[in-house]
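Data block below; observations after.
Atom set for the values below is all heavy atoms of this structure, side chains included, hydrogens, waters and symmetry mates excluded.
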Amino acid sequence: MTTPRQRAELATLYYSDRTLKCWVKDNSDRWVPLRDPNFKSSALEYYVGHEPPPPDKHTITLTVNGKEWVLPEPLREEPEKGAEYWIVNNAVNSGAMCLHWDGQIGERLALNHNTIHATSDDAQAWAEFDKWCRGGGA
């Protein structure tokens, strides 16, 4: 929840730029726009911006041979058809390859095996972890 001071700062920001929107979290933790907010409710979580805030990034912490890795959680749900997603591919320099979701069986298997990532950075982090585990990392 936002504190009274935070709500006052958000209200000032919101009313200083009429192109901004006010967003609140609904019962299912989704950000929805709120028309004509008064910023008085302590039960609501507010956000001011042109777009809703990005989703909270979930991470996984693994310890291998005494080294701790904090890695981004792979995708858990199917992306929309045509959406960009990333996989680890050590054949490319970056270690990550971009594909577009088509819903084919191979993609669903990869999703079930937690090898599909939302961003290039996420896939690269897993590629570095994979390389280190195979003895190729520093």
Taking it one step at a time, do Leu111 and Glu78 satisfy side chain to side chain contact (heavy atoms under 4.5 Å, CB included)?
-> CA-CA 7 Å; Leu111 183 70; Glu78 288 188 13; 3.6 Å; yes
Mind checking the CD-CG spacing from Gln124 to Asn89? Nearest 0.5 Å is all I need.
-> 12.0 Å
When rounded to the nearest 0.5 Å, the distance separating CG of Leu109 from CD of Gln104 is 11.5 Å
Exercise: identify the closest heavy-atom pair between [X] and [Y]:
X      : Y      : value
Ala118 : Trp86  : O-CD1, 3.6 Å
Leu44  : Ser41  : N-OG, 3.5 Å
Tyr47  : Leu10  : N-CD1, 4.5 Å
Cys98  : Glu84  : SG-CG, 3.1 Å
Ala83  : Pro79  : CB-CB, 3.8 Å
Val64  : Cys133 : CG1-SG, 4.4 Å

Does a side-chain heavy-atom distance below 4.5 Å link Thr115 with Ile87?
-> no
Would you indicate whether the side-chain heavy atoms of Trp101 and Glu80 approach each other to under 4.5 Å?
-> no
Could you go through the side chain to side chain donor-acceptor pair (under 3.5 Å) check for Asp121 and Thr119 one step at a time?
-> CA-CA 5 Å; Asp121 289 344; Thr119 68; 5.3 Å; no
Over 12 non-hydrogen atoms of neighbours within 6.0 angstrom of CZ in Arg76 | yes
If you count the non-hydrogen atoms of other residues, nucleotides and ligands that lie under 6.0 Å from NE2 in His50, is the total more than 12?
-> yes
Distance only, no hydrogens: is a donor on one side chain within 3.5 Å (strictly under) of an acceptor on the other, for Ser28 and Asp26?
-> yes
Do the side-chain N and O atoms of Gln6 and Tyr46 include a donor-acceptor pair separated by under 3.5 angstrom?
-> no
Using modelled atom types only, decide if a donor and an acceptor are shared between the side chain of Glu107 and the backbone of Asp102 within a distance under 3.5 Å.
-> yes
Return the orientation label for the Phe129 and Trp69 ring planes: parallel under 30°, perpendicular over 60°, tilted otherwise.
-> perpendicular
